[in-house]
Amino acid sequence: MNYDSFYRRSIDQPEAFWGEQAEKIAWFKKPSSILSVDKSGFYRWFEGGEMNTCYLAIDYHVEQGRGNQTAIIYDSAATQKTIKFTYSEVKTEVSKIAGALKSLGVNKGDTVVIYMPMVPEAAFAMLACARLGAIHSVVFGGFAPHELAIRIDDAKPKVIISASCGIEFDKVIPYKPLLDEAIHLAEHQISHCLILQRPMAHASMVEGRDIDFATFVNDSAPAECVTVNATDPLYVLYTSGTTGKPKGIVRDNGGHAVALNFSMQYIYDVKPNEVFWAASDVGWVVGHSYIVYAPLIYGCTTVFFEGKPVRNPDAGTFWRVIDEHKINVFFTAPTAFRAIKKEDAEAKLKEKYDTSSLKSIFVAGERCDPPTLEWLQQIAKVPIVDHWWQTESGWGIVANMMGVEQFPVKAGSATKPVCGFDVQILGENGQKLGANEEGYVCIKLPLPPSCLPTLWNDDERFRSSYLNKFDGYYLTGDGGYIDEEGYVFIMGRIDDVINVAGHRLSTGEMEEIVGSHKAVAECAVVGISDELRGQRPIGLVVLKDGVSFSEDEMENELVKLIRDQIGAVAFFRNALVVKRLPKTRSGKILRKTIRQIADGETYTVPSTIDDPMILTEITNTLIHRKVGNAFQ
Ligand code: COA
Ligand code: AMP
């Protein structure tokens, strides 16, 4: 197939293109229009269509005679356990959880928060919500109670589903006390929590509120799929924006199903019946789209992996899973491979396993640095496909579309725009930039199916965050350029968002938290380069006059504060006390310059800087504390 003509048609005739793709899923009622504009002025896909995403992912396959095919393989390196579930078995589990939720009053349009580790019940719970037309909001297990509370207050769930604990390497992390604390912090009242008791930790239950998941579900009558509109929300997934209030990304049912189904064939080039493994977490968008929904909608076997790429028990774990479950297409974040490379640079552990089932490896979630790409190419000997996307899109925006036409790889580029995404580079005034000119990476509207139609209960923030900067365009928040051959290079965020080990976090939020400490007069938090995690945040703080904290005490307090408020995943390890922050004459903190200094990059002293001497002071502090690359 020829990429150019296929892609062109998706941009020039979006309705014809996506209308054809929509024929590939089993609607209860076909859409009356392919693309329309709603009363808020936002584009909507497949208006009038009726369907159910859980039906597409499970029941449809059972009806088509795939009931005995393995749908989900739960491989827990953390607990050394593997369980396989056929499509029929998943249907039984999911129907019962749906019945349990229904008996607790959960109906179409209600919200349910899921705060769980990587246990298969997390996927079943998501599908059970979809079955009832309820909207799930999964919160990543690594988030602290404060973050969970913010999401509870925004999503206002009728029920929360959680578990007694998660496992991180050899550490058991009790989730229930975190949940209890979050419910205590939140204003929204919770009537019921379904708690999965895991053998490694027993959660104490609050009488009248907490219900034992296993017993209650087992005793529940199964519930059938409810009909929903294509434009009804399937889920809300919160992601970091530039402030302490995360953005509730809304995903609709119809566009999501059509786009994900399309992606399996044309991006991942996988076949129904094949085994697809995305090593991520259901708390992130990759987990939603490529651990749960896409592989199941498409009829693949998906792997639900609980564990880490290293030390579970060693850096050969991924290769072991690929061999054991005969993975055909594998997807993870580059940071996972950096961790493996660090411990097994010569890939000796890989030699123990037969990985010949593997057709390709996809990476996303952060920039794939060329050394990691090259290392992987050498050791894996299959195509390594970097693809760029966001929680907001729910699927790949730029990729080497393996099921269309395979292009030669250029290190540092995720290759070309995926069908439906009219990716353009704009300058500060909205002008289109030429080849190799770096600017704002934008997508000309309409966005293709599956992309967010709006933010949860916040049309205005949707407009101000994404649409208002350039009329007729969606602002991705990334900077980059397109070369003369149409390859897209994503160079990093242009806002206060960073990626730490594939986890999207807000330095703006961290600044708010650090700034809330009673001793801090002002502060800046920036993301600096980190060999393993890609980026990590550091803080520079100016103390109030007369503060008696020592620099070490201050750092310890602030590190603990971020850990308590956001979670250990923030990996905030340094808060450096400085006398002043570098600013422009109008008072804007020069965060980019701070980052450049810390990364040891050459930088130009901004002409608007208030006092250039501060840059030397910052450099000396970083060198003295051995933080970043400035001292090397
Ligand atoms: N629940 C509770 N705590 C969690 C957690 C979770 N789901 N995930 C991470 N944490 C904690 C860790 O235990 C650690 O705590 P500690 O500081 O007390 O030790 C902290 O958060 C930092 O975790 P992380 O950054 O993951 O570091 P790590 O050393 O534990 O592991 C990697 C490093 C690279 C192996 C790991 O980050 C990884 O596998 N990354 C891939 C991420 C990924 O798949 N992202 C999805 C995007 S596609
Ligand atoms: P998330 O919403 O968590 O998926 O994070 C989205 C952000 O991660 C993007 O806006 C990019 O900054 C970054 N990102 C994701 N994938 C890639 C990639 N392949 N290359 C470069 N950056 C990426």
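This one's a predicted model, so the numbers in the text were calculated from it and none came from an experiment. Counting starts at 1 for both ligands and their atoms, in listed order.
Looking from atom 46 (C) of ligand 1 to the surrounding protein, the closest heavy atom is Ser280 OG, 3.3 Å. For atom 36 (C) of ligand 1, the nearest non-hydrogen atom of the protein is Lys308 NZ, 4.1 Å. What sits closest to atom 6 (C) of ligand 1 on the protein, heavy atoms only, is Glu168 OE2, 3.4 Å. Looking at atom 12 (O) of ligand 2, its nearest protein heavy atom turns out to be Asp478 OD1, 2.6 Å. The protein heavy-atom contact nearest to atom 40 (N) of ligand 1 is Thr335 CG2, 3.5 Å. Here the heavy atom of the protein found nearest to atom 18 (O) of ligand 1 is Arg563 NH2, 2.5 Å. What sits closest to atom 13 (C) of ligand 2 on the protein, heavy atoms only, is Asn499 ND2, 3.5 Å. Nearest protein neighbour of atom 37 (O) of ligand 1, counting heavy atoms only, is Ala501 CB, 3.5 Å. When hydrogens are left out, the protein atom nearest atom 32 (C) of ligand 1 is Ala339 CB, 4.7 Å; that is the closest non-hydrogen contact. The protein heavy-atom contact nearest to atom 14 (C) of ligand 1 is Ala568 CB, 4.1 Å.
Taking only nitrogen or oxygen atoms, main chain and side chain alike, Arg533 reaches within less than 3.5 Å of ligand 1. Residue-to-ligand polar distances keep Trp284 apart from ligand 1: every N/O pair is separated by 3.5 Å or more.
The backbone N or O of Ile322 lies less than 3.5 Å from no partner atom in the side chain of Thr355, so there is not a single donor-acceptor pair. Remark: the backbone N or O of Val282 is paired with a side-chain donor or acceptor of His288 at under 3.5 angstrom. With hydrogens and angles disregarded, a donor-acceptor distance shorter than 3.5 Å links the side chain of Ser413 to the backbone of Val488.
Within ligand 2, the atoms closer than 4.0 Å to a non-hydrogen atom of Trp389 are 4 (O), 6 (C), 9 (C), 15 (C), 16 (N), numbered from 1 in the order shown. Residue contact check: Thr391 has heavy atoms under 4.0 Å from atoms 1 (P), 2 (O), 3 (O), 4 (O) of ligand 2. Which parts of ligand 1 touch Lys171 is read off a 4.0 Å heavy-atom cut-off, strictly below it: atoms 13 (O), 15 (O), 16 (P), 18 (O), 19 (O).
Classification of Asp75 and Arg320 as a salt-bridged pair holds, one side-chain N sitting under 4.0 Å from a carboxylate O. The pair Lys348-Glu343 does not count as a salt bridge, with every side-chain nitrogen at least 4.0 angstrom from each carboxylate oxygen. Electrostatic pairing of Asp154 and Lys245 counts as a salt bridge here, judged by a charged N lying under 4.0 Å from a carboxylate O. Between Glu392 and Arg504 a salt bridge is recorded (basic side-chain N to carboxylate O distance below 4.0 Å). With respect to Asp496 and Arg591, no salt bridge is recorded, no charged nitrogen being found less than 4.0 Å from a carboxylate O. Salt bridge present: Glu485 and Lys410 bring a charged side-chain N and a carboxylate O closer than 4.0 Å.
Neither the backbone nor the side chain of Arg338 comes within contact range of ligand 1; no heavy atom lies under 4.0 Å. With a 4.0 Å cut-off on non-hydrogen atoms, Ala278 does not touch ligand 1 at all. Using a 4.0 Å cut-off between heavy atoms, Phe143 makes no contact with ligand 1 at all. For Gln390, heavy-atom contacts with ligand 2 shorter than 4.0 Å involve the backbone as well as the side chain. The parts of Val569 lying near ligand 1 are both backbone and side chain, judged by heavy-atom distances below 4.0 Å.
At least one heavy atom of Arg573 sits closer than 4.0 Å to an atom of ligand 1. Using 4.0 Å as the threshold, Glu366 has no heavy atom nearer than that to any atom of ligand 1. Between Phe331 and ligand 1 there is no heavy-atom distance shorter than 4.0 Å. Residue Gly365 places a heavy atom under 4.0 Å from ligand 2.
The cationic atom of Arg311 (NZ for Lys, CZ for Arg) lies less than 6.0 Å from the six-membered ring centre of Phe169 and within 45° of the ring axis. A cation-pi arrangement is not found for Lys416 relative to Tyr7, the charged atom failing to lie both closer than 6.0 Å to the ring centre and inside a 45° cone about the ring normal. Seen from the ring of Tyr175, Arg198 does not count as a face-on cation partner, given the 6.0 Å and 45° thresholds.
Comparing Ala333, Ala364, Gly567 against atom 43 (C) of ligand 1, the shortest heavy-atom distance belongs to Ala333. Of all the listed residues (Arg367, Arg504, His387, Gln535), Arg504 holds the heavy atom that lies closest to atom 3 (O) of ligand 2. The residue from Ile173, Ile167, Val286 that puts a heavy atom closest to atom 3 (N) of ligand 1 is Ile173. Ranked by closest heavy atom to atom 44 (O) of ligand 1, the top entry among Ala279, Gly166, Gly502, Pro334 is Ala279. The option from Met491, Glu366, Arg493, Glu392 that lies nearest to atom 17 (C) of ligand 2, judged by heavy atoms, is Glu366. Nearest to atom 39 (O) of ligand 1 by heavy-atom distance, out of Pro117, Ala336, Pro309, is Pro309.
Checked against the 6.0 Å centroid criterion, the rings of Tyr238 and Trp456 do not qualify as a close aromatic pair. Residues His387 and Tyr268 bring their aromatic ring centres within 6.0 Å.
Taken to the nearest 0.5 Å, the CD1 atom of Ile135 stands 13.0 Å off from the OH atom of Tyr235.
Ser263 pairs with exactly one of Tyr298, Tyr290, Trp395, Trp389 by the side chain to side chain donor-acceptor pair (under 3.5 Å) rule, that one being Tyr290.
Closer than 4.0 Å to atom 20 (C) of ligand 1 lies at least one heavy atom of the protein.
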